[in-house]
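One-based numbering along the sequence shown.
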Amino acid sequence: MKNNKKILAFDFVRTICAIGIIINHYCIESQDSVLQRFFVTFGSGEGSVGYTLVTVFLIISGALLYYNHPSIDSTRNFYISRFKTIFPSYYITWLIAAAGAIVFNRTFFKNPIYTFPLTIIGMDGYLAGLFPTWRLIGEWFIGAIVIVYLLYPLILSAINKKCIEFSLIISLLFLITDNWSMLGQNPYRNIFSLLLSFVLGILIIKYKDIQVDRGGYIGGTISFILMYFIPTGLNINLSSHIAGFCFFCMLFGIGRKIMTHTFVSNVIHKISSVSYEMFLIQRIVIVYTLRFLHPHDFIIHIAIIPIVILITFVGAFVIKLIRNKIMSYMFLKVLNN
């Protein structure tokens, strides 16, 4: 089942987070202390901007998946649709990154060949804490999305049968594993941490008519601003989830208003439609931009960031175009056969 009534505010949230991830990763790679002070950590010196944005992405993923698939008639068809959503663009971008690695990185072929299957299924980034892998794009987040999508039919069944009990169990498991470095990853990346945000997104759609909510974002906005500037003493895992939920409420409220303007809505929708591809290619653009330009001044970094965002968008658009052409060709070939 698919809900045909689009929630436009989600496009705005996704667009802002996609751009935010690019800025966050640029600041990390730039090693500029001023940029890192405000775009890697919160202004208070605590918290993680990157993990906060990822929390919002997971909330969106859970919300939209449940909005479009409140029931599943065919698990097989569901997994096929998820595969088409994730992997074609992933493979295209990976081949682009591999071509760059062959030209600029002589050690590309020195990775252990037995780990290459992990790349094929998108899990090499998520398992990179255990052993060397062929990870070139997508970071650990691709593996996280693969896991939650694989679990979605089970999550949906539990949500539909025992929603309150299941939600409490997920919350309890999160609290118990709050400091668990699962598979050599940061505690934020453990499966129960990821599921908390994903399930929260489902609950937002299930129990809230998010279309008619007016003003609920004010509390989220105030809370996020306070968390950003005032130290809370919370660990990075808990603070990222709380700040991420508040930031989601803030962006959704803004998006609900701003997406009523046709021109703005069209621009935001265009960016949002390639937000996944932007996430895939952004690290490549950032690394090679910094490698070729070698900026050292704060002002130059500020000037380069919009250029990186623009190049990332263009690259993502091209990847999406190639992906659509390939998928159309394969579809026509199946019809002809």
Criterion side chain to side chain contact (heavy atoms under 4.5 Å, CB included) on V146 and I121, from CA distance to verdict: CA-CA 8 Å; V146 168; I121 62 174; over 6 Å; no
For the backbone of [Y] and the side chain of [X], can you confirm whether one donor and one acceptor N or O come within less than 3.5 Å of each other?
{"X": "T260", "Y": "K257", "value": "yes"}
{"X": "N160", "Y": "L156", "value": "yes"}
{"X": "N190", "Y": "P187", "value": "yes"}
{"X": "S181", "Y": "G184", "value": "no"}
{"X": "S223", "Y": "G220", "value": "no"}
{"X": "S167", "Y": "C163", "value": "yes"}
{"X": "S265", "Y": "T262", "value": "no"}
{"X": "S157", "Y": "L154", "value": "no"}

First locate atom [atom1] of [X], then atom [atom2] of [Y], and finally report the distance between them rounded to the nearest 0.5 Å.
{"X": "I60", "Y": "T55", "atom1": "CD1", "atom2": "OG1", "result": "11.0 Å"}
{"X": "T15", "Y": "K270", "atom1": "OG1", "atom2": "NZ", "result": "12.0 Å"}
{"X": "I137", "Y": "T93", "atom1": "CD1", "atom2": "OG1", "result": "4.5 Å"}
{"X": "T133", "Y": "D124", "atom1": "OG1", "atom2": "CG", "result": "4.5 Å"}
{"X": "L195", "Y": "I147", "atom1": "CG", "atom2": "CD1", "result": "8.5 Å"}
{"X": "L136", "Y": "Y90", "atom1": "CG", "atom2": "OH", "result": "8.0 Å"}

Test item: [X] and [Y] side chains (from C-beta on) under 4.5 Å apart, heavy atoms:
{"X": "I230", "Y": "S44", "answer": "no"}
{"X": "Y188", "Y": "S240", "answer": "yes"}
{"X": "I142", "Y": "Y276", "answer": "yes"}
{"X": "E46", "Y": "T41", "answer": "no"}
{"X": "I7", "Y": "I205", "answer": "yes"}
{"X": "I326", "Y": "I92", "answer": "yes"}
{"X": "P112", "Y": "F131", "answer": "no"}
{"X": "L194", "Y": "Y126", "answer": "yes"}

Contact summary for [X] and [Y], nearest pair of heavy atoms:
{"X": "A101", "Y": "Y288", "value": "N-OH, 3.8 Å"}
{"X": "S61", "Y": "I145", "value": "OG-CD1, 3.9 Å"}
{"X": "L234", "Y": "S239", "value": "CB-CB, 4.0 Å"}
{"X": "G47", "Y": "I236", "value": "C-CG1, 4.5 Å"}
{"X": "V34", "Y": "F298", "value": "CG1-CE1, 3.6 Å"}
{"X": "I21", "Y": "L53", "value": "N-CD1, 3.6 Å"}

Can you confirm whether or not the ring centre of [X] sits under 6.0 Å from the ring centre of [Y]?
{"X": "Y114", "Y": "W134", "value": "no"}
{"X": "F279", "Y": "F141", "value": "yes"}
{"X": "H69", "Y": "Y152", "value": "no"}

Does a side chain donor of either [X] or [Y] reach within less than 3.5 Å of an acceptor in the other side chain?
{"X": "T85", "Y": "Y149", "value": "no"}
{"X": "R323", "Y": "Y91", "value": "no"}
{"X": "D178", "Y": "N235", "value": "yes"}
{"X": "S193", "Y": "N237", "value": "yes"}

Which pairs pass side-chain hydrogen bond (donor to acceptor under 3.5 Å, both in side chains) with one or both residues in residues 27-40, sequence neighbours excluded?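 Of all non-adjacent pairs touching residues 27-40, those that pass side-chain hydrogen bond (donor to acceptor under 3.5 Å, both in side chains) are E29-R283.
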For residues [X] and [Y]: do they belong to one hydrophobic cluster (side chain heavy atoms under 4.5 Å, members Ile, Leu, Val, Met, Phe, Trp, Tyr)?
{"X": "W180", "Y": "L127", "answer": "yes"}
{"X": "V287", "Y": "I300", "answer": "no"}
{"X": "I319", "Y": "I86", "answer": "yes"}
{"X": "I80", "Y": "L64", "answer": "no"}
{"X": "F192", "Y": "I164", "answer": "no"}

Any salt bridge (charged side-chain N to carboxylate O under 4.0 Å, His left out) involving residues 14-24? Give me the pairs, sequence neighbours left out, ordered by first then second residue.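 Found D11-R14.
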Using side chain to side chain contact (heavy atoms under 4.5 Å, CB included), reason through I16 and F12 one step at a time and then give a plain yes or no. CA-CA 6 Å; I16 295 301; F12 176 79; 3.7 Å; yes
List the atom pairs, donor and acceptor, that lie under 3.5 Å between side-chain atoms in residues 245-255 and the rest of the protein, sequence neighbours left out.
none

Apart from F317 itself, which Ile, Leu, Val, Met, Phe, Trp or Tyr residues share its cluster (side-chain heavy atoms under 4.5 Å, direct or through members)?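 Under the 4.5 Å side-chain rule, F317 groups with nothing.
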Hydrophobic cluster mates of L172, side-chain heavy atoms under 4.5 angstrom, ILVMFWY only, any path?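 Besides L172, the hydrophobic cluster comprises I176, listed by chain and residue number.
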Which atom pairs, donor and acceptor, lie under 3.5 Å between side-chain atoms of residues 196-204 and protein residues at least two apart or in another chain?
| unit_1 | atom_1 | unit_2 | atom_2 | d |
| --- | --- | --- | --- | --- |
| S197 | OG | H241 | NE2 | 3.3 |

S89 and side chain to side chain donor-acceptor pair (under 3.5 Å): which single residue from K320, E277, K84 fits?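 Single pass found, and it is E277.
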Begin from the C-alpha positions of I155 and Y66 and carry the test side chain to side chain contact (heavy atoms under 4.5 Å, CB included) through to its verdict. CA-CA 10 Å; I155 294 171; Y66 185 79; over 6 Å; no
Does F292 CZ have over 12 foreign heavy atoms under 6.0 Å away?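 Counting neighbours around CZ of F292, more than 12 heavy atoms of other residues, nucleotides or ligands fall under 6.0 Å, so yes.
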In terms of relative ring orientation, are F224 and Y228 parallel, tilted or perpendicular, with 30° and 60° separating the classes?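 Tilted.
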Test side chain to side chain contact (heavy atoms under 4.5 Å, CB included) on I23 and I305 and set out the steps. CA-CA 7 Å; I23 296 173; I305 289 176; 3.9 Å; yes
Determine, step by step, whether T289 and Y26 satisfy the side chain to side chain donor-acceptor pair (under 3.5 Å) criterion, reporting the C-alpha distance in whole Å, the side-chain angles of both residues, the deciding distance to 0.1 Å, and the verdict. CA-CA 10 Å; T289 298; Y26 180 90; over 6 Å; no
